[in-house]
Protein chains: 4
Amino acid sequence: MDSPATPRKRRKDARPNELLAAALDLFVEKGYSATRLEDVATRAGASKGTLYLYFANKEALFKAVIEEGIIPVIAENETIAAEHTGSAFALMERLIYNWWEKIGQTAYSGIPKLMVAEARNFPELAQFYYEKVILRARALGTQALQYGMRSGEFRTVDLDTALDVIIAPIIMLLILRHSLYGGPEHGPDPSSYLKTHLQLLAHGLLKLDKETQV
Amino acid sequence: MDSPATPRKRRKDARPNELLAAALDLFVEKGYSATRLEDVATRAGASKGTLYLYFANKEALFKAVIEEGIIPVIAENETIAAEHTGSAFALMERLIYNWWEKIGQTAYSGIPKLMVAEARNFPELAQFYYEKVILRARALGTQALQYGMRSGEFRTVDLDTALDVIIAPIIMLLILRHSLYGGPEHGPDPSSYLKTHLQLLAHGLLKLDKETQV
Amino acid sequence: MDSPATPRKRRKDARPNELLAAALDLFVEKGYSATRLEDVATRAGASKGTLYLYFANKEALFKAVIEEGIIPVIAENETIAAEHTGSAFALMERLIYNWWEKIGQTAYSGIPKLMVAEARNFPELAQFYYEKVILRARALGTQALQYGMRSGEFRTVDLDTALDVIIAPIIMLLILRHSLYGGPEHGPDPSSYLKTHLQLLAHGLLKLDKETQV
Amino acid sequence: MDSPATPRKRRKDARPNELLAAALDLFVEKGYSATRLEDVATRAGASKGTLYLYFANKEALFKAVIEEGIIPVIAENETIAAEHTGSAFALMERLIYNWWEKIGQTAYSGIPKLMVAEARNFPELAQFYYEKVILRARALGTQALQYGMRSGEFRTVDLDTALDVIIAPIIMLLILRHSLYGGPEHGPDPSSYLKTHLQLLAHGLLKLDKETQV
DNA sequence: AATGAATGAGGCTTCATTCAT
DNA sequence: AATGAATGAAGCCTCATTCAT
């Protein structure tokens, strides 16, 4: 009944997403600098010129990739945190596992490594990522830590530093899988890595009388 | 007899080191790809041609930087481990602090970030770094963990994964200081960061009855 | 009977003129080469494709602009010359002032500069303009000069050269207003410029005993 | 005895001038925009990259052309004016003829047309040319006119406008030879054109009782 | 041992023109 | 009659590497 849009029209609507998907793949594989826009276009089945119909330049393309793929997950986590009832540690687990599912297990997992790699040479991108992603993500972590400290569930720790130390292994896992270990299929096994990390955290963060929790 | 070399001779011998120092600075600041050999030469007070007298190409220059600066520290840590007497945790601390002193507080601190950033695009470099640096460094960590587990000081953990989780925040600290936080003078404060990390580790790794240790 | 065309019909007929008007504006502002057809279409409220319905290509569009705007003024001046009675100098004044009014005070004033700027790179356009505009305009000037010389009103001068020297400041006025002086609203004041020019001409061309004329 | 520099050295010293000469030719032939730097290099017997050893970019190359070729002539005319003794009209003639000889009869004669053609699209170049060339050249003309008016040799005229009208045919002569007339070898004959212009000027500018002069 | 001039492949971006709808 | 998505050739500029001196 509702005959699908004409092929032509379908194509048009799909193009930006096809380009974004191709861009994500290549940015993750090669990094920002080394990704050639022609390759992005070709992988999306388009020509160089077509890409410029949808994105003003390389930088805009990259920002769009972030905007489409990373920021919605941050927003999701904000909702999770807002609606959470239960222990602070459980909240941290949920935030970490949701992030892992939506970012860590997808091609987006390569973005943090990319940012780390190119931030110094592309301050504009670094600024964008810092404001739109890092600040919002850290705010969530801070929230969870404060919640746990106030409720007496966690020991008292320095917020910023503890957050750094908690986040580091997670980011590092992403980074390793996309750099020295040569592709997400190699490197440490994520699920045991995360379990180990959370276990160490449980022992490290929780007060002694809660030692029995995992 | 032991008369110092003539100034001329001194100069000549110094050239490669001047070039290596300049290369280190620029590699760390810009990354491998974005570092221009002309800038390296200029910073060393030499000409582009001269650089090619001492190093076959960009890759050889980079490998020489690693060879001169990183590998000796690994060797030092191997000696520390071999000669260590005392608790396993104390050994881990010594290894970590020596690494921090010799790498973390020098320009070499930028190398891990660089490797992480460019490994995928320069497999030859990645291979070199993996074999000469990563494998040897991990062997040391494995050693310390095994030692602690055998002696009953540490809980039983999966060696590789635990090592990953232990190393991650240290590497991450280096990485952050050289990327998103825009220079080693920014980012988390290293000493409290490391202290926090070791503290969490102490709680996470040590068996319960040792909980009183720091 | 003479019912006005339907709005639809009106619109349709207006399209080419809207496109020509937009093209004139942009050609004058940017020059031929630097004018983007997409901008022309957009300014006319149409799409790029539509433009190609009415004009085979950029060149055809440009020729149409000339055909619509410049050539009719030449034709007008031919009528003025044919019907003129009075002094030769008065004829020259009328031709110059009519040109000034119809071309110099409109967006068409930018065309001579454009032609001068691009003639070498677009010989086809140069040829067109030379035949359709320059030759016909010069013929009029020649006519007026001959008329004045035959009647004894003007000194004897070399026709072609005198014509060049007479025309030059007028064209130059147009050119300046569209180039270095950055827009028709700047540059020399046209009316005093033209008056000065005609005054110098009067003194230069007229025989001594007519010195009292302006 | 003084053996010539080595061919290599010779080459090196000559390169910038060879490039400037090639650039002048092509800028004059094609205009600024349409000149391809690769063509400039090729014409100078060099490669694209070599050009960038000497000039930072297209703009710098163009400015260097002006700096080398036009500005010295302005300076020369400033000296002529400063040292002139004789009639104001004679000074104007000397300035015009020197300009004609050094600019009008060389490839530099194409520069004014280029500037007129591209000023709007390259404001940076326009600014440069206006300040370094136009203002200085006009100052000279103003000087000569004032001198003649003060001495009673010239009628009283509005300085700026008169200057415009006097300069226009000269610039126009250059322009025509480089645009519609398709090359400096065509167009009006310069010497009779200039003579005619000066003659009209003499009649137009000089007071009546000097009418006998040429 | 040292220089630095020269090269040319490679990447981002623009825009006239085409054509399926 | 109108659209606007798509193409791809072309131009500016960078930089690792070579080599004559």
Side-chain angles (χ1 to χ4, degrees), chain A residues 5-16 33-41 45-59 61, chain B residues 8-9 11-13 15-16 33-42 45-59 61, chain C residues 8-9 11-13 15-16 33-42 45-59 61, chain D residues 5-16 33-41 45-59 61:
Chain A
T6 62
R8 179 103 183 172
K9 189 74 164 86
R10 272 269 207 62
R11 195 77 203 267
K12 173 191 152 195
D13 293 346
R15 264 289 150 84
S33 241
T35 291
R36 301 176 340 151
L37 291 190
E38 176 147 32
D39 289 346
V40 171
S47 74
K48 227 181 332 176
T50 299
L51 196 155
Y52 280 87
L53 290 179
Y54 297 98
F55 304 97
N57 52 34
K58 202 180 190 179
E59 187 181 312
L61 176 63
Chain B
R8 171 109 193 147
K9 192 70 165 68
R11 183 73 202 288
K12 177 185 141 200
D13 294 346
R15 264 289 152 86
S33 244
T35 290
R36 298 169 35 195
L37 291 191
E38 171 142 39
D39 290 346
V40 172
T42 301
S47 73
K48 240 185 312 183
T50 301
L51 196 155
Y52 276 87
L53 286 180
Y54 294 99
F55 305 97
N57 51 33
K58 203 180 189 179
E59 188 181 311
L61 175 65
Chain C
R8 171 110 195 149
K9 191 70 163 70
R11 183 72 202 286
K12 178 182 136 201
D13 295 347
R15 263 290 153 84
S33 243
T35 290
R36 299 170 33 194
L37 291 190
E38 172 142 38
D39 289 346
V40 172
T42 301
S47 72
K48 241 187 310 184
T50 302
L51 196 155
Y52 277 87
L53 287 180
Y54 295 99
F55 306 96
N57 51 34
K58 204 179 190 181
E59 188 181 312
L61 175 65
Chain D
T6 63
R8 180 102 183 171
K9 191 75 164 87
R10 271 270 207 65
R11 195 76 204 266
K12 174 193 153 194
D13 293 346
R15 266 290 151 86
S33 240
T35 291
R36 301 176 340 151
L37 291 190
E38 176 147 31
D39 290 347
V40 171
S47 74
K48 225 182 333 174
T50 298
L51 196 154
Y52 281 88
L53 291 180
Y54 297 98
F55 304 96
N57 51 36
K58 202 179 191 179
E59 188 181 311
L61 175 65

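Proteins come first, then strands; the chains are lettered A, B, ... in the order of their sequence lines, and each starts at number 1. Note that this is a predicted model, so its numbers are computed, not measured. Worth knowing before you read on, the calculation uses all heavy atoms, side chains too, and leaves out hydrogens, waters and symmetry mates.
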Query - Polar side-chain contact D:K48-E:dG10 base: donor and acceptor under 3.5 Å - result: yes
Requested in this report: Would you classify D:T35 as touching base, sugar-phosphate or nothing, given that sugar-phosphate means primed atoms plus P, OP1 and OP2, and contacts are heavy atoms under 4.0 Å?
Outcome: sugar-phosphate
Requested in this report: Could you tell me whether C:L37 contacts a base, only the sugar-phosphate backbone, or nothing, with contacts defined as non-hydrogen atoms closer than 4.0 Å?
Outcome: sugar-phosphate
Report summary line: Walking DNA chain E from its 5' end, the first of A:E59 and D:L53 to be reached, judged by nearest nucleotide, is D:L53
Query raised in the report: Contact class for B:T42 vs. all strands (heavy atom < 4.0 Å): base, sugar-phosphate, or nothing?
Result: nothing
Requested in this report: Return the minimal non-hydrogen interatomic distance between A:R15 and A:T50, and the atom names on each side.
Outcome: NH1-CG2, 3.6 Å
Report summary line: Note: for D:G49 and B:G49 on DNA chain F, the residue whose nearest nucleotide lies more 5' is D:G49
Query raised in the report: Looking only at N and O atoms, is any donor in the side chain of C:K58 or the base of E:dT17 less than 3.5 Å from an acceptor on the other one?
Result: no
Query raised in the report: Mapping C:N57 and B:L51 onto DNA chain E by nearest heavy atom, which one lands closer to the 5' end?
Result: B:L51
Query raised in the report: Starting at OH of D:Y52 and ending at P of F:dC15, how long is that distance when rounded to a whole Å?
Result: 13 Å
Query - Shortest non-hydrogen contact from B:K58 toward B:L37 - result: CG-CD2, 3.8 Å
**Report entry** Under-4.0 Å side-chain N/O to phosphate OP1/OP2 contact, A:Y54 with F:dA6
**Finding:** yes
Query raised in the report: Below 4.0 angstrom from OP1 or OP2 of E:dT3, is there any side-chain N or O of B:T50?
Result: yes
Query raised in the report: How many Å lie between CG on C:L61 and P on E:dC15, as a whole number?
Result: 16 Å
Query raised in the report: Should B:R15 be listed as having a side-chain N or O under 4.0 Å from OP1 or OP2 of E:dT3?
Result: yes
Query raised in the report: What distance do C:T42 atom OG1 and C:L51 atom CG have between them, rounded to the nearest 0.5 Å?
Result: 10.0 Å
Report summary line: Result for 5'-nearest mapping on DNA chain F, choosing between D:S33 and C:A46, is C:A46
